[in-house]
Amino acid sequence: GDSVTQMEGPVTLSEEAFLTINCTYTATGYPSLFWYVQYPGEGLQLLLKATKADDKGSNKGFEATYRKETTSFHLEKGSVQVSDSAVYFCAPSKAAGNKLTFGGGTRVLVKP
Amino acid sequence: GAVVSQHPSRVICKSGTSVKIECRSLDFQATTMFWYRQFPKQSLMLMATSNEGSKATYEQGVEKDKFLINHASLTLSTLTVTSAHPEDSSFYICSALDRGLGNEQFFGPGTRLTVL
């Protein structure tokens with residue numbers, strides 16, 4: 001079946017540091033790829049997505065590029081803020097059924 | 001973006017009782033909703049796909065008689081945990097598929113179930 005591997009957290013950073021969260025997946029076919037974020041005490045929110053190879057998703061300063069050759073969708077942000085402290089989930093989705101397969105989640109803590 | 005609500009946000013019940021959790025899409029119609037379970041510090045596990053007007057599709061290993069799903073309208077799906085036991089204690093999250101927004105899933109805030 002499909003699976004997702006994310007780097008384990010917690011990741012602790014200082015404000016304005018560079019953030020990378022690695023995500024690789026195994027999936028049949030060519031899925032759409034998503035990053036979701038869960039802020040403390042809140043539900044999951046879509047952060048960004050990419051629907052085909054070489055697409056770059058971006059939002060709130062975060063970026064991720066759909067790399068078919070390496071089956072990866074790494075999340076990056078050049079300068080994090082305290083408000084970016086959250087849990088980040090990588091999730092591919094099949095077109096058929098729209099099911100999401102979630103990675104284990106990476107907790108990020110940004111300190112002032 | 002679209003809003004999905006869940007009720008209750010937190011519930012504590014005795015072992016052997018049944019608990020119903022509601023998931024509503026507030027400003028869009030959702031023919032498809034999903035139910036997930038999230039264990040502490042772990043990922044979301046898809047339990048079932050809820051389809052309006054038809055039977056839910058359960059993932060492998062999920063007991064359909066234990067977790068009853070009803071999707072009676074385009075804005076409401078319910079998950080009933082029957083004869084709950086302490087091992088059913090978990091965080092249950094629903095999502096609703098908005099086909100008008102490119103099949104994006106919008107997530108509810110979750111329901112914390114504690115079975116004593």
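So you know, we letter chains A, B, ... as the sequences are listed, proteins then strands, and number each from 1. Here the structure is a predicted model, which means the values were calculated and not measured.
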Quick check, are the ring centers of Phe107(B) and Tyr36(A) under 6.0 angstrom apart?
yes
Salt-bridge contact Arg107(A)-Glu8(A) (side-chain N to carboxylate O under 4.0 Å)
no
Look at Gly104(A), Gly105(A), Gly41(A) and state which one has the largest set of heavy-atom pairs under 4.5 Å with chain B.
Gly104(A)
Whatever's closer than 4.5 Å to a heavy atom in chain B on Gln38(A) counts as side chain
Under 6.0 Å between ring centres, would you say that holds for Tyr88(A) and Phe62(A)?
yes
Do Thr31(B) and Glu52(B) meet the criterion of a side-chain donor-acceptor pair at a distance under 3.5 Å?
no
Heavy atom to heavy atom, less than 4.5 Å: which residues from residues 83-93 of chain B reach chain A?
Phe91(B), Ile93(B)
How long is the gap from OG on Ser50(B) to CG on Leu97(B), to the nearest 0.5 Å?
11.5 Å
Ser72(A) and Leu33(A): which non-hydrogen atoms are nearest, and at how many Å?
O-CD1, 4.3 Å
Report yes if the side chains of Phe102(A) and Met45(B) come closer than 4.5 Å at any heavy-atom pair, otherwise no.
no
Portion of Gln6(B) that has a non-hydrogen atom of chain A nearer than 4.5 angstrom:
neither
Answer with side chain, backbone, both or neither: which region of Leu46(B) has an atom nearer than 4.5 Å to a non-hydrogen atom of chain A?
side chain
Under a 4.0 Å threshold between the charged nitrogen and the carboxylate oxygen, would Glu22(B) count as salt-bridged to Arg24(B)?
yes
For Gln38(B), which atoms come within 4.5 Å of any heavy atom of chain A: side chain, backbone, both, or neither?
side chain
